[in-house]
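Only one structure is covered here, and it is reproduced in the block below.
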Amino acid sequence: MIVVARDAKKASAREIALAFVLVLAVAFMNLHTEIFEEYRWNREIESEWASVGWETLARRPASTFVFPWTMIWKPAGMVIMAHPVLTKKLYKVDGSGRYLISAIVARFSRSGGRLEKSQRAEFINCRTGTYATVGDLKERTRFDVLNANGAPLPGRWHAAPAELLAYFCKTK
């Protein structure tokens, strides 16, 4: 049996620096897709949907503690889009001039690397600044938000985000 003895010596400063650079390079290679994807995920979606007429209503920023610079330069966390052709004003029969806006709203959000999307039919009441989800097109579900007389059902209507009101409730 042959025993090989190794003469142990301390690593030089050059070897330590080289090891540090290698570890840093491997870490950057593993994280660079996540870093860049954080800022680019919405561009492809927005350009693809805009090519068929959808308009971007809002981009909500999202920051994360994993990447501290996102506290300053905030990437998109959610994108909200609507199609003008899929937007209608529904007038009340009583001639009061009141109306609800019916629209299909698409929402895309990215959290933890997962992309979630939804398309929902929504009513927007510009007079009260509220909205309600009438149905989910993906799940094919429908929700009752109005009584038989057209009054809103309590608990189904929520304060509308400023972006929705700014887009749908334009005064002409």
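Quick note: numbers below take in every heavy atom, side chains included, and nothing from hydrogens, waters or symmetry partners.
- Atom CD1 of I45 sits about 8.0 Å away from atom NZ of K117, to the nearest 0.5 Å.
- For the side-chain hydrogen bond (donor to acceptor under 3.5 Å, both in side chains) test, residues two or more places apart in sequence or in another chain that qualify with R59 are E46.
- Every residue two or more places apart in sequence or in another chain that forms a salt bridge (charged side-chain N to carboxylate O under 4.0 Å, His left out) with E116 is listed here: R114.
- With sequence neighbours left out, L165 forms a side-chain contact (heavy atoms from CB on, under 4.5 Å) with I124, A160, C169.
- Atom CG of L137 is separated from atom CZ of R120 by 10.0 Å, given to the nearest 0.5 angstrom.
- One N or O on the side chain of H83 and one on the backbone of V52 form a donor-acceptor pair closer than 3.5 Å.
- Looking at every heavy atom in both residues, P84 comes nearest to G53 through CD-O, 3.4 Å.
- Here F108 contributes atom CZ and Q119 contributes atom CD; the two are 6.5 Å apart, rounded to the nearest 0.5 Å.
- F123 and W157 have parallel rings, their planes meeting at less than 30° on a 0 to 90° scale where 60° marks the start of perpendicular.
- E163 meets the salt bridge (charged side-chain N to carboxylate O under 4.0 Å, His left out) test with R60; sequence neighbours excluded.
- Listed by chain and number, the residues in a side-chain hydrogen bond (donor to acceptor under 3.5 Å, both in side chains) with S109 amount to none (sequence neighbours excluded).
- Minimum interatomic distance between E15 and S12 (heavy atoms only, all atoms of both residues): OE1-N, 3.0 Å.
- V23 belongs to no hydrophobic cluster with other residues, because no ILVMFWY side-chain heavy atom falls under 4.5 Å from its own, directly or through intermediates.
- Side-chain contact between Y167 and P161 is absent, with no heavy atoms from C-beta onward closer than 4.5 Å.
- Using a 4.5 Å heavy-atom threshold, the side chains of I104 and W54 count as touching.
- Distance check: R142 CZ to R140 CZ gives 15.0 Å after rounding to the nearest 0.5 Å.
- Not counting sequence neighbours, the partners of R107 by the side-chain hydrogen bond (donor to acceptor under 3.5 Å, both in side chains) test are E122.
- Not counting sequence neighbours, S47 has no partner by the side-chain contact (heavy atoms from CB on, under 4.5 Å) test.
- Cluster note: V85 groups with no other residue, as no ILVMFWY side-chain heavy atom lies under 4.5 Å from it.
- Annotation: ring-ring contact (aromatic ring centres under 6.0 Å, His included) contacts of F168 (sequence neighbours excluded): none.
- With sequence neighbours excluded, the residues satisfying side-chain hydrogen bond (donor to acceptor under 3.5 Å, both in side chains) with T128 are N125, T130.
- Chaining together hydrophobic side chains whose heavy atoms lie under 4.5 Å apart leaves V21 on its own.
- In this structure the side chain of N42 never reaches within 4.5 angstrom of the side chain of T56, judged on heavy atoms.
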